[in-house]
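Residue numbers begin at 1 in each chain, while the letters A, B, ... track the order of the sequences.
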Amino acid sequence: MTELLLLSATGLMLSLFLGLLRVLLGPSAGDRMLATQLIGTVGVGMLLVLSVLLDEPALIDVALLLALLAAVAAAAFTGQQEARHD
Amino acid sequence: MNTTNLLVFDGLLLFSIVGLAWASLATTDERRSVILFMAFGLVLAVAWGRLLAPDVALAEAAIGAGLSGALLLAAVRKQSPGSSHTHANPDRNYSESGAKVVLQWLVTLLCAALAGTLAWALLHALSSAPHDTLPRAISDNLVASGVSNPVTAVLLNFRAYDTLLELAVLLTAVLGIFSLGQTTPGYQPAGPVFDGLVRWLVPVLILTAGYLLWVGAHAPGGAFQAGATLAAAGVVLRLTGRSRIGLPDGFVLRIIMAAGVGVFLLVGLTLLLLGRPFLGYPPAWAGALILLIETAAMLSIAATLLLAFVGGQPQSTAVNAAANRQREENSRC
Amino acid sequence: MINLASSILILAGLFFYLAGSIGLLRLPDLYTRLHALTKADNLGLGLLAAGLALHSQHLLTSLKLLLIWLAVLAASATSAHLIARQARRQETRR
Amino acid sequence: MARMAILAGLWWLMVQGRADAWLVGVPAVALAALASVHLGSPALPRISLTGLFAFLALFLRESIRGGIDVAFRTLGTRLRIEPGFRRYRLHISDPSARVLLINCIGLLPGTLAADLDGDHAELHLLDSSDSPDPQLLQLEQAVAQLFSLRLEAGDD
């Protein structure tokens with residue numbers, strides 16, 4: 001099981017890395033934001049895997065908070081856009 | 001668990017953090033920079049988790065990934081649309097004199113020297129002293145602290161002075177925000193789907209804040225993380241164009257702003273009157289007192305962060321009522 | 001048996017995560033990328049969380065993992081819609 | 001009351017069932033419920049239990065199909081997509097049901113709701129040669145059943 005979790009942690013990291021390229025490439029702000037959402041989702045998965053792998057249950061709480069606050073960030077982004085363009 | 005097995009993971013993580021930090025600083029477009037910064041915050045939260053520092057990871061997730069992104073986006077929004085164009089073309093000034101180039105090199109050299117000194121100091125500290133004396137002192141005295149989470153024990157018992165002064169710094173900051181005057185009107189009323197998000201997100205954020213406050217006593221969590229989460233709920237409310245965002249008016253707001261420092265001081269002074277050292281809790285009461293102080297601190301921190309997002313003194317009740325009426329009319333249309 | 005099932009779930013989750021990220025890079029525009037984000041990534045997290053939930057064998061922990069998945073699901077479905085809507089409105093205004 | 005119970009359940013889950021947490025839990029749940037009322041969430045709609053199970057089953061099946069669909073469209077040597085927009089008339093007018101519907105459309109294979117304009121949803125399709133109508137109608141039926149509503153007849 002440990003090997004599997006190690007593999008998935010590294011695989012998730014790779015996934016995050018690919019998402020990162022999209023954040024850097026853009027081209028539009030929306031593209032960057034959606035890639036940031038991806039990083040949030042990957043980050044949540046990663047923290048869950050790490051919580052088992054490193055035997056630290058508190059990381060589940062971090063994952064929960066990350067999930068909720070990533071939603072806040074996306075809301076801030078689109079809310080700001082709405083105000084600007086309406 | 002042998003940590004060397006995570007070497008590839010760690011390497012990629014490190015690379016992402018540095019890359020994102022660099023990209024976010026190097027871009028000239030403010031909004032792009034903010035989004036990169038939010039991504040940076042998310043990755044950093046994972047990194048703190050990887051370093052087995054869930055307390056910091058929680059704070060980073062709440063503040064770095066969520067709140068400061070929202071704050072910075074609001075700041076970009078507030079800038080007048082034309083202002084970014086006026087200073088978007090600094091190259092002309094640069095080419096004028098070689099003095100700038102010299103200055104750039106000088107700053108680079110100074111930064112490198114600083115980094116070198118820090119690295120040397122770190123290496124020195126790691127190699128010379130037996131660096132587990134402090135953790136041992138903490139774990140030896142943990143029983144008397146009233147909580148079982150060492151981080152909370154340090155923040156609110158052993159080094160309570162520091163935390164008190166931090167709260168005082170926050171109070172000063174909020175006074176500065178108040179001096180900016182009344183807030184500008186908020187955002188447009190949001191569409192139904194956004195509203196649907198807010199309806200479940202805000203109650204869940206409030207619950208989570210309560211949970212973090214409670215869990216801080218024996219596991220990672222605490223007033224700072226809880227306050228940031230609570231503030232995030234207010235931020236989301238403001239984004240939907242609501243003028244009432246959970247902040248009370250006038251006098252009550254002032255009480256809440258000062259509550260963190262106030263309750264802390266009150267507890268300290270009461271203990272002093274009872275013949276104990278300042279903030280030297282009696283072990284039997286320590287747990288309850290810490291919870292009391294943390295609750296007050298959470299409210300102050302949330303109010304401070306939210307006021308920072310709003311960017312000024314909230315409008316008076318009359319204005320609020322008018323805005324509310326306006327909103328209702330809008331939503332009826 | 002449980003271990004096998006949870007391993008399969010975790011690996012499947014990993015597959016969808018990677019597929020989502022590759023989609024994010026390969027797909028040509030914002031809307032199609034949003035498809036990859038909402039569908040592949042959420043399924044990835046769902047499978048991963050399910051696998052870990054099976055592994056944990058504490059009912060409450062498993063339910064908490066489920067809660068996290070639901071939160072991510074709702075949040076990302078909503079933000080995908082909002083991002084698409086905003087892009088669409090900017091486009092049609094031009 | 002119902003929302004109090006739901007929030008209390010959430011709290012119980014978060015603290016992993018520890019009994020001493022109710023000292024903070026009771027005020028937190030009360031505050032959260034208060035916020036939920038103030039946000040103007042309608043009193044919880046009449047949720048039918050059989051509708052809930054039917055909806056969950058459909059939701060799970062479709063989101064798995066959606067994930068597989070998008071994964072295999074993008075992982076091939078050539079992208080198998082033909083994106084396009086399409087308008088779809090919604091048969092449900094209840095606001096909370098609509099929000100749920102919009103969010104779920106994004107998880108269905110190949111569809112994404114890009115905007116809502118009156119009774120019409122602006123859909124983005126991964127493959128515009130496929131008609132999404134049958135699966136959308138199926139989803140609408142499930143949502144309607146969940147909220148104990150009936151679909152409105154549309155002239156489309």
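Across all non-hydrogen atoms, the minimal contact from A:G43 to B:V46 is CA-CG2, 3.7 Å. For the pair A:L50 and B:F9, the tightest heavy-atom approach, listed with the atom from each and the gap, is CD1-CZ, 4.1 Å. What you find for B:L52 and A:E56 is that their closest heavy atoms are CD2-CB, 3.8 Å. Taking every heavy atom of both residues into account, A:V62 and B:A57 meet most closely at CG1-CB, 3.8 Å. When all heavy atoms are compared, the tightest approach of A:L47 to B:A45 is CD2-O, 4.5 Å. Nearest heavy atom pair, residue B:W200 against residue A:L68, reads CZ3-CD2, 4.2 Å.
Atom CG of residue B:L20 and atom CD1 of residue A:I39 lie 6.0 Å apart, to the nearest 0.5 angstrom. Rounding to the nearest 0.5 Å places CZ of A:F77 at 4.5 Å from CD1 of B:I35. One finds the OG1 atom of B:T229 at 6.0 Å from the CG atom of A:L69 (value rounded to the nearest 0.5 Å). The line from CG of B:L12 to CG of A:L16 is 9.0 Å long, rounded to the nearest 0.5 Å. The CZ atom of B:R50 sits 11.5 Å away from atom CE of A:M46, with the distance rounded to the nearest 0.5 Å. One distance of note links CD of B:E60 with CG of A:L66; it measures 9.5 Å at 0.5 Å rounding.
The most heavy-atom pairs under 4.5 Å with chain B, out of A:A74, A:A73, A:A9, A:P57, come from A:A9. Put simply, of A:R32, A:M33, A:E3, A:Q37, the one with the most heavy-atom pairs under 4.5 Å next to chain B is A:R32.
For B:S33, the side chain to side chain donor-acceptor pair (under 3.5 Å) test picks out no residue, with sequence neighbours left out.
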*Decide yes or no on side chain to side chain contact (heavy atoms under 4.5 Å, CB included) for A:L65 and B:L212, but give the supporting numbers first.*
CA-CA 10 Å; A:L65 198 61; B:L212 289 172; 4.1 Å; yes
* To do: Please report the C-alpha distance between A:M13 and B:L13 in whole Å, then the side-chain angles of each, then the deciding distance to 0.1 Å, and finally whether the side chain to side chain contact (heavy atoms under 4.5 Å, CB included) criterion is met.
  => CA-CA 7 Å; A:M13 195 70 228; B:L13 187 60; 3.7 Å; yes
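Heavy-atom contacts from other residues, nucleotides or ligands closer than 6.0 Å to CH2 of B:W48 number 12 or fewer.
Contact of B:T208 with chain A is made through the side chain alone, with heavy-atom distances under 4.5 Å.
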